[in-house]
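Please see the structure below; I have some questions.
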There are 2 protein chains.
Amino acid sequence: MKRDSRLSSVLHALLHMAERGEPLTSEHLATCIGTNPVVVRRTMGLLRNVGLVQSARGHAGGWSLAIDLKAVTLRQLHEALGEPAVFAIGNRNENPHCLVEQSVNAVMDEAFAEAEALLLDRFGAITLADLSAEFSRRHMAHLKERNKNAS
Amino acid sequence: MKRDSRLSSVLHALLHMAERGEPLTSEHLATCIGTNPVVVRRTMGLLRNVGLVQSARGHAGGWSLAIDLKAVTLRQLHEALGEPAVFAIGNRNENPHCLVEQSVNAVMDEAFAEAEALLLDRFGAITLADLSAEFSRRHMAHLKERNKNAS
DNA sequence: CTATTTCGTAATAAACGAAGTTACATGAAG
DNA sequence: CTTCATGTAACTTCGTTTATTACGAAATAG
C-alpha cells in the first residue's frame, strides 16, 4: 500500500517556514521537501483553509505561518488534511451479512479503535514548538560534531 | 488507500473451518469470504508455512486447522502474513539528509511506534477462541431474535 | 500599463501495491 | 485413468497517492 506522507511533508514545510521568518514560495518549499510546487500548494491550501498558514501572490509572495508554533498540534494538522485513514490493514467488508465476519470485524475494530485513539492522543500532545525544539537539539549536536572533526 | 484485508480474511476462513469439523476447499472458503480460490490458497499457504493449518489434495482434500483455537492469537496470524505495514500514513523519506526532516521523522516515529505496540499487544491478547466465543454470542442472539419474530 | 512573479486549480498521467484471474503442473483418491 | 483439489507462476485489474502539465488570477516592480 502506498502511504500518505502529507503530514510528514507539511511538518517539514512548516518548520522550514518557522526557521526563516519570511514567506517561502511553493517552488522553494517543493525543493526542500523534494516534491512538486503544485503538490505543495495543494497540501498547504488545506492548512490555509483552517487558518494555520497564509499565502500571498506576486513578488515577495509565498507561504507564511499564521499562528504560534506552540498553538498547533500534529492532531490539528491531521484534521486539516482531512483525517486520512490511519491504518493500512482493516476489514475486508465493512457491513457483512455473515455472522462470522461480523464477529471478526467487531473484535478487530475494537483493537484498531484503541490504537487509533492512542495515536491521535499522542498527536494531540505534540506541538510544532516541540518539533522545533527537537530540531534545535539536533542542530546543536550537528554543529558540535563538525567542530570536533575540524579541530 | 487500499487496505490489506488478509488478516480479516484469514480470520473469517479459520472460524468457518472451526465451525465445520471437516476440511474445506479453497473453492468453498473463497465463496464464504467473497474472493477467489487462488487468493485463498496463496494466503492460507502462509499460515501453513508456520504450521497453523494443513492442506490436502485430491478427493476430500482442502484446508483444516492444525492447532487449537486457544493457541492462536491475531498477532501470530499477523506475523504469519509477513507483518504487513500497519499504518497508512508515514514519513515521506525514511533516511533524509535534512536535519529538519530527521527531527520530524524522529518525533512521528515515536508516536507510531507506541500505537503499533499497543495494537500488536491487543492482537497478542486475542485468540481464535475469543473470536469463536464472540461468534457464538452473536449466533445465540440471532436465533433468539428469529424466534421472537416467528412467535 | 505591461512584464514578471507567484498562487489557484483543473485535468491528466505515472507509480505503486493489493487483489483478482488465467493457466497449467502436481499429487491424492476413487 | 479420471476426477478433484492444491501449488504456483504470470498477468491483469483496480484504487489510491503523488507528480506533471496547463492555464487563469492577482499582486508588484519598473
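Only a predicted model underlies this, so the values are computations on that prediction, with no experimental measurement involved. Only this structure's heavy atoms are used, side chains among them; waters, hydrogens and symmetry mates stay out. Every chain is numbered from 1, with letters handed out A, B, ... down the list of sequences.
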### Query
Between the side chains of B:S26 and B:W63, does any donor sit under 3.5 Å from an acceptor?
yes
### Message
Would you say B:Q102 and B:N105 are linked by a side-chain donor-acceptor pair, where the criterion is simply a distance under 3.5 Å?
### Response
no
### Query
Between C:dA19 and B:S5, is there an OP1 or OP2 to side-chain N/O distance shorter than 4.0 Å?
yes
### Query
Hey, what's the ring geometry for B:F112 with A:F123, parallel, tilted or perpendicular (30° and 60° as the breaks)?
perpendicular
### Summary
A:R42 CZ to D:dA22 C1', in whole Å, measures 13 Å
### Task
Please state whether the phosphate of D:dT6, meaning OP1 or OP2, lies under 4.0 angstrom from any side-chain nitrogen or oxygen of B:R41.
yes
### Message
Does a side-chain N or O of B:S55 approach OP1 or OP2 of D:dA5 to a distance below 4.0 Å, or not?
### Response
no
### Query
How long is the line joining CZ of B:R6 and P of C:dA18, in whole Å?
7 Å
### Message
Can you measure A:N49 atom CG to C:dC7 atom P for me and round it to whole angstrom units?
### Response
16 Å
### Query
A:H28 NE2 to C:dT6 P: how many Å, rounded?
12 Å
### Presence of B:T35 side-chain N/O under 4.0 Å of C:dG20 phosphate oxygens OP1/OP2
yes
#### Entry: Rounded distance in Å - CE (B:M17) to C1' (D:dT6)
14 Å
### Message
In the structure I gave you, are the side-chain heavy atoms of B:E114 and A:L119 within less than 4.5 Å of one another anywhere?
### Response
no
### Task
Report yes if a side-chain nitrogen or oxygen of A:S26 is closer than 4.0 Å to either non-bridging phosphate oxygen (OP1 or OP2) of C:dT6; otherwise report no.
no
### Message
What's the closest nucleotide to the side chain of A:V38 if the choices are D:dA22, C:dG20, D:dA27?
### Response
D:dA22
### Query
Going by modelled atom types, is there a donor-acceptor pair between the base of D:dT6 and the side chain of B:R57 at under 3.5 Å?
yes
### Query
Does any donor-acceptor pair link the side chain of B:R3 with the base of C:dA18 at a separation under 3.5 Å?
no
### Task
Name the nucleic acid region contacted by B:G45, choosing base, sugar-phosphate or nothing; use a 4.0 angstrom heavy-atom cut-off, strictly under.
nothing
### Any donor-acceptor N or O pair under 3.5 Å, side chains A:S55, A:R48
yes
### Task
Please tell me which of the listed nucleotides, D:dT18, D:dT6, C:dA19, lies nearest to the side chain of A:K2?
D:dT18
### Query
Taking the side chain of B:R48 as heavy atoms from C-beta outward, which of C:dC7, D:dT18, D:dG7 is closest to it?
D:dG7
### Task
Check the distance between D:dT12's P and B:N36's CG and give it to me in whole angstrom.
16 Å
### Message
Rounded to whole Å, please give me the gap between CG in A:L81 and P in D:dT17.
### Response
12 Å
### Message
Assuming nearest nucleotide by heavy-atom distance, tell me which of B:H59 and B:P84 is located more 5' along DNA chain C.
### Response
B:P84
